[in-house]
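In what follows, every chain begins at residue 1, and chains take the letters A, B, ... in the order their sequences are listed.
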Amino acid sequence: LRRRLAVVCAVAGAAAAGWLYLRHQKERQQRSRRLQHLRQLALGQGDFQLQDTSGAARSKADFLGRWVLLYFGFTHCPDVCPEELEKLSRAVELLERDPALPPLQPLFVTVDPERDDAAALARYLRDFHPRLLGLTGTPEQVRAAAAAFRVYVSAGPRDADGDYVVDHSVLTFLVDPDGIFRDCYSRSRTAEEVARSVRGHMDAYEPLPP
Amino acid sequence: CSGMAAPTMAERKACWGARDEFWQCLDSHGEDAAKCEKLRRAFESRCPQQWVKHFDKRRDFLKYKKKLETEGYSPPEAAGKS
């Protein structure tokens, strides 16, 4: 009787193991299909064609392999943009302190291409994180980039000196090394909170299979 | 001609400082702008006109928000909706 019991247990065990294996395979296939879909989405979603402050053409593809923290603003901004850039710089600094974390690229995209050319951006961004890279372009390119991120942009009326402010969504976007949008941070989040959130995403990250 | 360069970090901080001094004066004189003329002029000279307008609107908004927090919201009587 004991031997029969042992055989039954062995068979049941093998059946259970087989079932678990098949389920595991199915889950892996589903995950892989979902990741393929995400990969296609990543290529189309949130792309931009802009130029950096050295005049080089930059698109989202140039930043694949790195995490990106991206903020839309303009240099004639009264207070919000400098504050958000300080926060962004501080968050990047906090994360840089941990050498185990992957590299993080801070990006600034202007919503005021008429005034914010490469020289203006370079001058403005000097006051913030040394690796903060500025991007500008033609009005069409900038409009397309803002639209890709669903960022609201509206230039206000010009005064007698031709000066104006640009009303815009105040958001910092986190994009992963596969170019997939992962999170966004509003004005109310502190640098420490942003750093903590980015670190959480980095820890949970699984690269898309090639 | 909008050839003016954007304010530098130092200029921004000077503007914010002048704004804060003006606002502190308003705080201690119950929003009586007449008592703070000199600081108002300093604020206007240190900041681009667009920024002065922006900060004036911000001040109004902050005052309104404070009023809502302390007095509660009462809809305008002239609304005439029923």
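- Rounding to the nearest 0.5 Å gives a distance of 13.0 Å between CD of A:E84 and OH of A:Y185.
- Proximity to chain B is absent for every atom of A:R126, based on heavy atoms less than 4.5 angstrom apart.
- A salt bridge is defined here as a Lys NZ or Arg NE, NH1 or NH2 lying under 4.0 Å from an Asp or Glu carboxylate O, and B:R46 with B:E11 fails to meet this definition.
- Top candidate by heavy-atom pairs under 4.5 Å with chain A, chosen from B:Q50, B:R12, B:H54, is B:Q50.
- Under the 6.0 Å distance and 45° angle rule, B:R19 counts as a cation-pi partner of B:F55.
- One distance of note links CG of B:L62 with NZ of B:K65; it measures 6.5 Å at 0.5 Å rounding.
- With a 4.5 angstrom heavy-atom cutoff, A:D116 does not touch chain B via any of its atoms.
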